[in-house]
Amino acid sequence: MTREREVLAELRRILADLIGNPMPLDAPAKTPLLRDGIGLDSLGATILLTRIQTLFGVDVASEDLNLDALASIGTLAAFIGERIG
Amino acid sequence: MIKCVIWDLDETLLDGVYLESPERPPPANEALRAVLVELAGRGILHAIASRNPPTAASYAAHATGLSFAAVRCGWEAKSAAVAAIMSDVGLTADAVAFVDNDALERAEVAFALPDVLVLAPHEMTDAANWPAFSPPVLTDEARRRGEFYANRRARMAEARAFGGSREAFLRHCQTRVVIAPAAPVDLPRLHELSVRTHQFNSAGTQLTEAQFAALLDSGSQRVICVRLSDRFGDDGLVGACVIDTAAAPAGRWEVQLLMMSCRAIGRGVIDALLSWICLAARDAGADQVGVACVINPRNVPLRIALTSAGFRTETRSAAAGSAPYVRRLDPPLPELPDWVLT
(Lines give C-alpha, C1' and ligand atoms only; values in the text may rest on other atoms or scores of the structure.)
Protein backbone atom coordinates (compact mmCIF):
# COMPACT_ATOMS: atom_id res chain seq x y z
CA MET A 1 0.00 0.00 0.00
CA THR A 2 2.84 2.36 0.90
CA ARG A 3 4.45 1.47 -2.41
CA GLU A 4 1.28 2.37 -4.30
CA ARG A 5 1.14 5.71 -2.50
CA GLU A 6 4.73 6.40 -3.56
CA VAL A 7 3.86 5.53 -7.16
CA LEU A 8 0.82 7.79 -6.99
CA ALA A 9 2.92 10.71 -5.70
CA GLU A 10 5.55 10.16 -8.37
CA LEU A 11 2.88 9.91 -11.06
CA ARG A 12 1.36 13.23 -9.93
CA ARG A 13 4.80 14.87 -10.19
CA ILE A 14 5.34 13.48 -13.71
CA LEU A 15 1.90 14.73 -14.80
CA ALA A 16 2.45 18.22 -13.36
CA ASP A 17 5.75 18.41 -15.20
CA LEU A 18 4.19 17.10 -18.42
CA ILE A 19 1.36 19.64 -18.56
CA GLY A 20 3.37 22.50 -17.00
CA ASN A 21 0.73 23.02 -14.32
CA PRO A 22 0.60 21.92 -10.63
CA MET A 23 -3.07 20.83 -10.88
CA PRO A 24 -2.33 17.04 -10.86
CA LEU A 25 -0.42 17.33 -7.54
CA ASP A 26 -3.66 17.50 -5.56
CA ALA A 27 -6.25 16.24 -8.07
CA PRO A 28 -8.34 13.29 -6.76
CA ALA A 29 -7.06 9.83 -7.73
CA LYS A 30 -10.21 9.25 -9.77
CA THR A 31 -9.39 12.17 -12.12
CA PRO A 32 -9.33 10.89 -15.73
CA LEU A 33 -5.99 11.28 -17.53
CA LEU A 34 -7.41 12.10 -20.94
CA ARG A 35 -9.68 14.83 -22.22
CA ASP A 36 -11.59 16.70 -19.50
CA GLY A 37 -9.55 15.29 -16.62
CA ILE A 38 -5.83 16.03 -16.75
CA GLY A 39 -6.38 16.85 -20.42
CA LEU A 40 -3.69 14.67 -22.02
CA ASP A 41 -4.10 14.05 -25.74
CA SER A 42 -2.90 10.82 -27.34
CA LEU A 43 0.65 12.15 -27.80
CA GLY A 44 0.79 13.47 -24.23
CA ALA A 45 -0.37 10.09 -22.92
CA THR A 46 2.29 8.38 -25.05
CA ILE A 47 5.02 10.58 -23.55
CA LEU A 48 3.64 9.72 -20.09
CA LEU A 49 3.83 5.98 -20.85
CA THR A 50 7.41 6.37 -22.11
CA ARG A 51 8.42 8.09 -18.86
CA ILE A 52 6.72 5.37 -16.82
CA GLN A 53 8.62 2.71 -18.72
CA THR A 54 11.92 4.50 -18.09
CA LEU A 55 11.20 5.15 -14.42
CA PHE A 56 9.39 1.98 -13.30
CA GLY A 57 10.26 -0.48 -16.08
CA VAL A 58 6.55 -1.11 -16.73
CA ASP A 59 5.50 -1.22 -20.41
CA VAL A 60 1.82 -0.31 -20.02
CA ALA A 61 1.15 -0.03 -23.78
CA SER A 62 2.12 -3.64 -24.48
CA GLU A 63 0.77 -5.17 -21.25
CA ASP A 64 -2.65 -3.51 -21.40
CA LEU A 65 -3.83 -3.48 -25.02
CA ASN A 66 -7.14 -1.84 -24.10
CA LEU A 67 -5.26 0.79 -22.08
CA ASP A 68 -7.79 0.55 -19.27
CA ALA A 69 -4.94 1.63 -16.99
CA LEU A 70 -5.26 5.13 -18.48
CA ALA A 71 -8.77 5.57 -17.03
CA SER A 72 -7.56 7.73 -14.13
CA ILE A 73 -4.50 8.73 -12.10
CA GLY A 74 -5.46 6.04 -9.56
CA THR A 75 -5.93 3.16 -12.04
CA LEU A 76 -2.55 3.91 -13.61
CA ALA A 77 -0.81 4.06 -10.22
CA ALA A 78 -2.45 0.75 -9.24
CA PHE A 79 -1.40 -0.88 -12.53
CA ILE A 80 2.22 0.16 -11.99
CA GLY A 81 2.10 -0.71 -8.27
CA GLU A 82 0.93 -4.28 -8.96
CA ARG A 83 3.78 -4.87 -11.37
CA ILE A 84 6.66 -3.51 -9.32
CA GLY A 85 5.43 -5.19 -6.12
CA MET B 1 13.49 8.54 -41.74
CA ILE B 2 14.80 11.82 -40.28
CA LYS B 3 12.12 14.52 -40.25
CA CYS B 4 13.88 17.21 -38.21
CA VAL B 5 17.54 18.25 -37.80
CA ILE B 6 18.39 20.09 -34.58
CA TRP B 7 21.41 22.37 -34.93
CA ASP B 8 23.87 23.81 -32.46
CA LEU B 9 24.95 27.36 -33.41
CA ASP B 10 28.45 28.25 -32.15
CA GLU B 11 31.16 26.70 -34.37
CA THR B 12 28.46 24.58 -36.02
CA LEU B 13 25.86 26.49 -38.02
CA LEU B 14 27.85 29.70 -37.40
CA ASP B 15 31.56 30.07 -38.27
CA GLY B 16 32.45 31.32 -34.80
CA VAL B 17 31.02 32.08 -31.36
CA TYR B 18 27.96 34.35 -31.30
CA LEU B 19 28.58 35.99 -27.91
CA GLU B 20 32.22 36.84 -28.68
CA SER B 21 31.12 39.55 -31.11
CA PRO B 22 27.38 40.23 -30.73
CA GLU B 23 27.66 43.50 -32.73
CA ARG B 24 29.23 41.65 -35.65
CA PRO B 25 28.23 37.99 -35.24
CA PRO B 26 30.01 35.29 -37.26
CA PRO B 27 28.54 34.37 -40.68
CA ALA B 28 26.68 31.11 -41.35
CA ASN B 29 28.86 28.16 -42.33
CA GLU B 30 28.46 27.99 -46.10
CA ALA B 31 28.74 24.20 -46.47
CA LEU B 32 26.12 23.58 -43.77
CA ARG B 33 23.88 26.34 -45.06
CA ALA B 34 23.80 24.49 -48.40
CA VAL B 35 22.84 21.29 -46.53
CA LEU B 36 20.07 23.16 -44.72
CA VAL B 37 18.62 24.50 -47.94
CA GLU B 38 18.82 21.08 -49.63
CA LEU B 39 17.14 19.28 -46.72
CA ALA B 40 14.44 21.95 -46.35
CA GLY B 41 13.62 21.34 -50.02
CA ARG B 42 13.07 17.68 -49.14
CA GLY B 43 10.56 18.66 -46.48
CA ILE B 44 12.93 18.10 -43.53
CA LEU B 45 12.47 20.55 -40.65
CA HIS B 46 15.24 22.48 -38.95
CA ALA B 47 15.46 23.51 -35.31
CA ILE B 48 18.02 25.22 -33.07
CA ALA B 49 19.36 24.09 -29.69
CA SER B 50 21.99 26.55 -28.52
CA ARG B 51 23.62 27.83 -25.33
CA ASN B 52 22.97 31.42 -26.29
CA PRO B 53 20.38 34.15 -25.77
CA PRO B 54 17.30 33.89 -28.03
CA THR B 55 18.66 36.71 -30.22
CA ALA B 56 21.21 34.18 -31.54
CA ALA B 57 18.39 32.14 -33.11
CA SER B 58 16.85 35.15 -34.84
CA TYR B 59 20.32 36.04 -36.08
CA ALA B 60 20.85 32.48 -37.41
CA ALA B 61 17.50 32.59 -39.23
CA HIS B 62 18.58 35.89 -40.82
CA ALA B 63 22.10 34.63 -41.68
CA THR B 64 20.86 31.39 -43.28
CA GLY B 65 17.72 32.86 -44.83
CA LEU B 66 15.72 29.89 -43.46
CA SER B 67 12.94 29.53 -40.93
CA PHE B 68 13.31 27.18 -37.97
CA ALA B 69 10.42 25.02 -36.82
CA ALA B 70 11.46 25.14 -33.15
CA VAL B 71 14.06 26.98 -31.10
CA ARG B 72 15.53 26.30 -27.66
CA CYS B 73 18.11 28.85 -26.54
CA GLY B 74 19.37 28.68 -22.97
CA TRP B 75 21.72 26.96 -20.61
CA GLU B 76 19.83 23.73 -19.93
CA ALA B 77 21.32 20.34 -20.93
CA LYS B 78 21.30 19.82 -24.69
CA SER B 79 19.30 16.61 -24.24
CA ALA B 80 16.57 18.63 -22.45
CA ALA B 81 16.55 21.12 -25.33
CA VAL B 82 16.33 18.27 -27.87
CA ALA B 83 13.48 16.61 -25.93
CA ALA B 84 11.59 19.93 -25.73
CA ILE B 85 11.98 20.43 -29.50
CA MET B 86 10.73 16.87 -30.16
CA SER B 87 7.64 17.70 -28.16
CA ASP B 88 7.21 21.07 -29.95
CA VAL B 89 7.26 19.47 -33.39
CA GLY B 90 5.47 16.27 -32.33
CA LEU B 91 8.24 13.85 -33.34
CA THR B 92 9.83 10.88 -31.59
CA ALA B 93 13.59 10.48 -31.07
CA ASP B 94 14.11 8.19 -34.05
CA ALA B 95 12.86 10.90 -36.44
CA VAL B 96 15.36 13.46 -35.19
CA ALA B 97 19.05 14.21 -35.87
CA PHE B 98 21.26 16.42 -33.68
CA VAL B 99 24.35 18.22 -35.02
CA ASP B 100 26.93 19.77 -32.66
CA ASN B 101 30.68 20.44 -32.92
CA ASP B 102 31.19 19.70 -29.20
CA ALA B 103 31.93 16.00 -28.56
CA LEU B 104 30.75 16.28 -24.94
CA GLU B 105 27.36 17.69 -25.98
CA ARG B 106 27.00 14.93 -28.58
CA ALA B 107 27.80 12.30 -25.95
CA GLU B 108 25.31 13.79 -23.50
CA VAL B 109 22.48 13.74 -26.06
CA ALA B 110 23.41 10.25 -27.30
CA PHE B 111 23.37 8.93 -23.73
CA ALA B 112 20.08 10.57 -22.71
CA LEU B 113 18.27 9.97 -26.02
CA PRO B 114 19.80 6.87 -27.62
CA ASP B 115 17.39 6.88 -30.59
CA VAL B 116 18.45 10.35 -31.78
CA LEU B 117 20.91 10.32 -34.68
CA VAL B 118 23.88 12.34 -33.33
CA LEU B 119 26.34 13.81 -35.82
CA ALA B 120 29.40 16.09 -35.92
CA PRO B 121 29.16 18.99 -38.42
CA HIS B 122 31.63 17.42 -40.88
CA GLU B 123 29.57 14.19 -40.87
CA MET B 124 26.39 16.11 -41.65
CA THR B 125 27.52 17.24 -45.12
CA ASP B 126 27.92 13.59 -46.07
CA ALA B 127 24.87 12.36 -44.15
CA ALA B 128 22.59 14.49 -46.34
CA ASN B 129 23.08 11.77 -48.97
CA TRP B 130 22.07 8.93 -46.65
CA PRO B 131 18.69 7.26 -47.25
CA ALA B 132 17.52 8.45 -43.81
CA PHE B 133 17.58 12.01 -45.17
CA SER B 134 16.06 11.16 -48.56
CA PRO B 135 12.28 10.80 -48.52
CA PRO B 136 11.20 8.64 -51.47
CA VAL B 137 8.30 10.84 -52.60
CA LEU B 138 7.80 14.55 -52.24
CA THR B 139 4.37 16.12 -52.45
CA ASP B 140 3.30 19.71 -52.05
CA GLU B 141 2.42 18.92 -48.41
CA ALA B 142 5.96 17.68 -47.81
CA ARG B 143 7.68 20.64 -49.48
CA ARG B 144 5.66 23.07 -47.35
CA ARG B 145 6.40 21.21 -44.12
CA GLY B 146 8.57 24.03 -42.67
CA GLU B 147 5.70 26.46 -43.14
CA PHE B 148 3.24 24.09 -41.40
CA TYR B 149 5.48 23.88 -38.37
CA ALA B 150 5.93 27.65 -38.22
CA ASN B 151 2.10 27.85 -38.13
CA ARG B 152 2.15 25.18 -35.45
CA ARG B 153 4.43 27.29 -33.26
CA ALA B 154 2.07 30.26 -33.57
CA ARG B 155 -0.91 28.02 -32.75
CA MET B 156 0.80 26.49 -29.71
CA ALA B 157 1.80 29.91 -28.37
CA GLU B 158 -1.83 30.94 -28.62
CA ALA B 159 -3.01 27.68 -27.01
CA ARG B 160 -0.80 28.35 -23.97
CA ALA B 161 -2.41 31.76 -23.54
CA PHE B 162 -5.94 30.41 -24.14
CA GLY B 163 -7.94 29.58 -21.03
CA GLY B 164 -10.78 27.39 -22.33
CA SER B 165 -11.17 23.70 -23.21
CA ARG B 166 -9.50 22.00 -26.15
CA GLU B 167 -12.79 21.96 -28.07
CA ALA B 168 -13.19 25.71 -27.47
CA PHE B 169 -9.63 26.30 -28.65
CA LEU B 170 -10.19 24.32 -31.87
CA ARG B 171 -13.24 26.51 -32.50
CA HIS B 172 -11.30 29.65 -31.61
CA CYS B 173 -8.74 28.68 -34.30
CA GLN B 174 -11.56 28.21 -36.85
CA THR B 175 -10.52 24.59 -37.32
CA ARG B 176 -12.00 22.94 -40.42
CA VAL B 177 -11.84 19.21 -41.03
CA VAL B 178 -13.12 17.95 -44.38
CA ILE B 179 -13.80 14.23 -44.79
CA ALA B 180 -14.41 13.07 -48.35
CA PRO B 181 -13.74 10.12 -50.72
CA ALA B 182 -10.25 10.07 -52.27
CA ALA B 183 -9.73 11.09 -55.90
CA PRO B 184 -6.90 10.10 -58.29
CA VAL B 185 -5.14 13.44 -57.63
CA ASP B 186 -4.67 12.32 -53.98
CA LEU B 187 -2.66 9.20 -54.86
CA PRO B 188 0.89 10.62 -54.38
CA ARG B 189 0.00 12.05 -50.95
CA LEU B 190 -1.77 8.83 -49.90
CA HIS B 191 1.37 6.86 -50.75
CA GLU B 192 3.52 9.40 -48.93
CA LEU B 193 1.33 9.21 -45.80
CA SER B 194 1.60 5.41 -45.85
CA VAL B 195 5.40 5.73 -45.91
CA ARG B 196 5.84 8.57 -43.44
CA THR B 197 3.24 7.96 -40.75
CA HIS B 198 4.19 5.70 -37.84
CA GLN B 199 2.63 7.08 -34.66
CA PHE B 200 -0.81 7.09 -36.27
CA ASN B 201 -0.68 4.11 -38.63
CA SER B 202 -2.74 0.99 -38.02
CA ALA B 203 -1.22 -1.24 -40.70
CA GLY B 204 2.54 -0.68 -40.53
CA THR B 205 2.89 -1.56 -44.21
CA GLN B 206 3.45 0.84 -47.08
CA LEU B 207 1.15 1.00 -50.09
CA THR B 208 2.23 2.16 -53.56
CA GLU B 209 0.29 4.66 -55.65
CA ALA B 210 -0.79 1.76 -57.86
CA GLN B 211 -2.14 -0.13 -54.86
CA PHE B 212 -4.14 2.92 -53.75
CA ALA B 213 -5.37 3.37 -57.35
CA ALA B 214 -6.60 -0.24 -57.34
CA LEU B 215 -8.45 0.43 -54.06
CA LEU B 216 -10.11 3.53 -55.58
CA ASP B 217 -11.42 1.36 -58.41
CA SER B 218 -12.58 -1.48 -56.19
CA GLY B 219 -16.29 -1.80 -55.58
CA SER B 220 -16.13 -3.02 -52.00
CA GLN B 221 -13.43 -0.78 -50.55
CA ARG B 222 -13.65 2.91 -49.80
CA VAL B 223 -10.68 5.26 -49.52
CA ILE B 224 -11.51 8.31 -47.42
CA CYS B 225 -9.32 11.42 -47.12
CA VAL B 226 -9.17 13.98 -44.32
CA ARG B 227 -8.09 17.56 -44.92
CA LEU B 228 -7.32 20.08 -42.20
CA SER B 229 -7.07 23.86 -42.04
CA ASP B 230 -7.51 26.68 -39.54
CA ARG B 231 -6.80 30.40 -39.49
CA PHE B 232 -3.08 29.73 -39.05
CA GLY B 233 -2.86 27.90 -42.37
CA ASP B 234 -3.95 25.07 -44.64
CA ASP B 235 -2.37 21.72 -43.77
CA GLY B 236 -3.79 19.92 -46.78
CA LEU B 237 -4.36 16.16 -46.77
CA VAL B 238 -3.37 14.97 -43.26
CA GLY B 239 -5.04 11.59 -42.94
CA ALA B 240 -6.91 8.79 -44.64
CA CYS B 241 -8.49 5.42 -44.14
CA VAL B 242 -9.27 2.38 -46.25
CA ILE B 243 -12.49 0.61 -45.32
CA ASP B 244 -13.79 -2.74 -46.54
CA THR B 245 -17.56 -2.35 -46.52
CA ALA B 246 -18.35 -5.68 -48.22
CA ALA B 247 -19.80 -7.28 -45.07
CA ALA B 248 -22.33 -4.49 -44.41
CA PRO B 249 -25.33 -4.25 -44.09
CA ALA B 250 -25.83 -6.17 -40.89
CA GLY B 251 -22.15 -6.86 -40.62
CA ARG B 252 -18.89 -5.25 -39.75
CA TRP B 253 -17.01 -2.49 -41.54
CA GLU B 254 -13.33 -3.43 -41.54
CA VAL B 255 -10.88 -0.53 -41.45
CA GLN B 256 -7.83 -1.99 -43.20
CA LEU B 257 -5.69 1.11 -42.91
CA LEU B 258 -6.00 4.17 -40.73
CA MET B 259 -3.27 6.79 -40.90
CA MET B 260 -2.70 10.38 -39.89
CA SER B 261 0.21 12.80 -40.15
CA CYS B 262 1.72 13.87 -36.82
CA ARG B 263 1.24 17.50 -37.83
CA ALA B 264 -2.47 16.97 -37.11
CA ILE B 265 -1.89 15.73 -33.54
CA GLY B 266 -4.00 17.43 -30.89
CA ARG B 267 -6.32 19.05 -33.42
CA GLY B 268 -9.31 16.76 -33.19
CA VAL B 269 -8.65 14.99 -36.51
CA ILE B 270 -8.31 11.36 -35.44
CA ASP B 271 -11.35 11.60 -33.12
CA ALA B 272 -13.37 13.21 -35.94
CA LEU B 273 -12.37 10.50 -38.40
CA LEU B 274 -13.21 7.66 -35.97
CA SER B 275 -16.59 9.26 -35.20
CA TRP B 276 -17.28 9.71 -38.91
CA ILE B 277 -16.45 6.04 -39.62
CA CYS B 278 -18.82 4.84 -36.87
CA LEU B 279 -21.67 7.10 -38.02
CA ALA B 280 -21.22 6.20 -41.70
CA ALA B 281 -21.10 2.49 -40.84
CA ARG B 282 -24.29 2.75 -38.81
CA ASP B 283 -26.01 4.65 -41.65
CA ALA B 284 -24.96 1.83 -44.02
CA GLY B 285 -26.57 -0.72 -41.71
CA ALA B 286 -23.39 -2.19 -40.18
CA ASP B 287 -23.51 -3.21 -36.51
CA GLN B 288 -19.83 -2.85 -35.69
CA VAL B 289 -16.55 -1.37 -36.90
CA GLY B 290 -13.25 -3.23 -36.71
CA VAL B 291 -9.75 -1.81 -37.00
CA ALA B 292 -6.96 -4.37 -37.45
CA CYS B 293 -4.09 -2.65 -35.70
CA VAL B 294 -0.45 -3.71 -35.54
CA ILE B 295 0.98 -3.57 -32.02
CA ASN B 296 4.34 -1.84 -31.98
CA PRO B 297 6.01 0.70 -29.70
CA ARG B 298 5.60 3.48 -32.26
CA ASN B 299 1.85 3.49 -32.80
CA VAL B 300 0.89 3.84 -29.12
CA PRO B 301 -0.75 7.25 -29.88
CA LEU B 302 -3.10 5.60 -32.38
CA ARG B 303 -4.00 2.82 -29.93
CA ILE B 304 -4.75 5.42 -27.25
CA ALA B 305 -7.01 7.27 -29.72
CA LEU B 306 -8.79 4.00 -30.62
CA THR B 307 -9.44 2.91 -27.04
CA SER B 308 -10.55 6.36 -25.94
CA ALA B 309 -13.03 6.34 -28.86
CA GLY B 310 -14.58 3.16 -27.43
CA PHE B 311 -12.73 0.50 -29.48
CA ARG B 312 -11.79 -2.66 -27.55
CA THR B 313 -9.76 -5.76 -28.26
CA GLU B 314 -10.08 -9.29 -26.90
CA THR B 315 -6.40 -9.90 -27.63
CA ARG B 316 -4.42 -10.06 -24.39
CA SER B 317 -0.82 -10.30 -25.52
CA ALA B 318 1.23 -7.90 -27.61
CA ALA B 319 3.25 -10.93 -28.77
CA ALA B 320 0.64 -11.55 -31.48
CA GLY B 321 1.99 -8.48 -33.27
CA SER B 322 -1.47 -7.21 -34.13
CA ALA B 323 -4.93 -7.05 -32.62
CA PRO B 324 -8.46 -6.43 -33.92
CA TYR B 325 -9.99 -3.40 -32.16
CA VAL B 326 -13.77 -3.43 -32.41
CA ARG B 327 -16.48 -0.92 -31.57
CA ARG B 328 -20.09 -2.04 -31.49
CA LEU B 329 -22.41 0.58 -32.96
CA ASP B 330 -24.87 0.60 -30.08
CA PRO B 331 -25.96 4.03 -28.98
CA PRO B 332 -24.78 6.45 -27.82
CA LEU B 333 -22.63 7.09 -30.84
CA PRO B 334 -20.31 10.09 -30.87
CA GLU B 335 -21.52 13.26 -32.53
CA LEU B 336 -19.56 15.02 -35.23
CA PRO B 337 -18.66 18.64 -34.28
CA ASP B 338 -20.06 21.23 -36.69
CA TRP B 339 -16.54 22.16 -37.85
CA VAL B 340 -16.24 18.74 -39.47
CA LEU B 341 -17.57 18.92 -43.02
CA THR B 342 -18.55 15.77 -44.89
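Quick note on labels: first sequence line is chain A, next is B, and so on, each numbered from 1.
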Residue part contacting chain A, namely of B/Ser308, when any heavy atom lies under 4.5 Å: both

Non-hydrogen contacts under 4.5 angstrom with chain A: give the residues of residues 322-334 of chain B involved, or none if there are none. B/Ala323, B/Tyr325

For chain A, which candidate among B/Ile295, B/Ile265, B/Leu302 shows the most heavy-atom pairs at distances under 4.5 Å? B/Ile265

From CA spacing to verdict: side chain to side chain contact (heavy atoms under 4.5 Å, CB included), B/Phe200, B/Val269: CA-CA 11 Å; B/Phe200 287 90; B/Val269 170; over 6 Å; no

Heavy-atom proximity to chain A below 4.5 Å, by part of B/Asp271: side chain

With rounding to the nearest 0.5 angstrom, report the CG to CG distance, B/Asp115 to B/Asp94. 5.5 Å

So, applying salt bridge (Lys or Arg N to Asp or Glu O under 4.0 Å) with B/Asp230, which one of B/Arg263, B/Arg176, B/Arg155 is it? B/Arg155

In terms of heavy-atom pairs under 4.5 Å with chain B, which of A/Asp41, A/Thr50, A/Thr46 leads? A/Thr46

If I take atom CD1 from residue A/Ile38 and atom CG from residue A/Leu18, how far apart are they, to the nearest 0.5 angstrom? 10.0 Å

Salt bridge (Lys or Arg N to Asp or Glu O under 4.0 Å) partners of residues 302-320 of chain B, not counting sequence neighbours, each pair once: A/Asp68-B/Arg312

Kindly compute the distance separating CZ (A/Arg51) from CD (A/Glu10), expressed to the nearest 0.5 Å. 10.5 Å

Polar side-chain atom of A/Arg12 near backbone of A/Ala27 as donor-acceptor pair, under 3.5 Å: yes

What are the two closest non-hydrogen atoms of B/Gly204 and B/Val294, and how far apart are they? N-CG2, 4.2 Å

Which heavy atom of B/Ala309 sits nearest to which heavy atom of B/Leu274, and what is that distance? CB-CD1, 3.8 Å

Side chain / backbone / both / neither for B/Ser317 at chain A, heavy atoms under 4.5 Å: backbone

Cut-off 4.5 Å, heavy atoms of chain B, and the answer for A/Leu34 is side chain

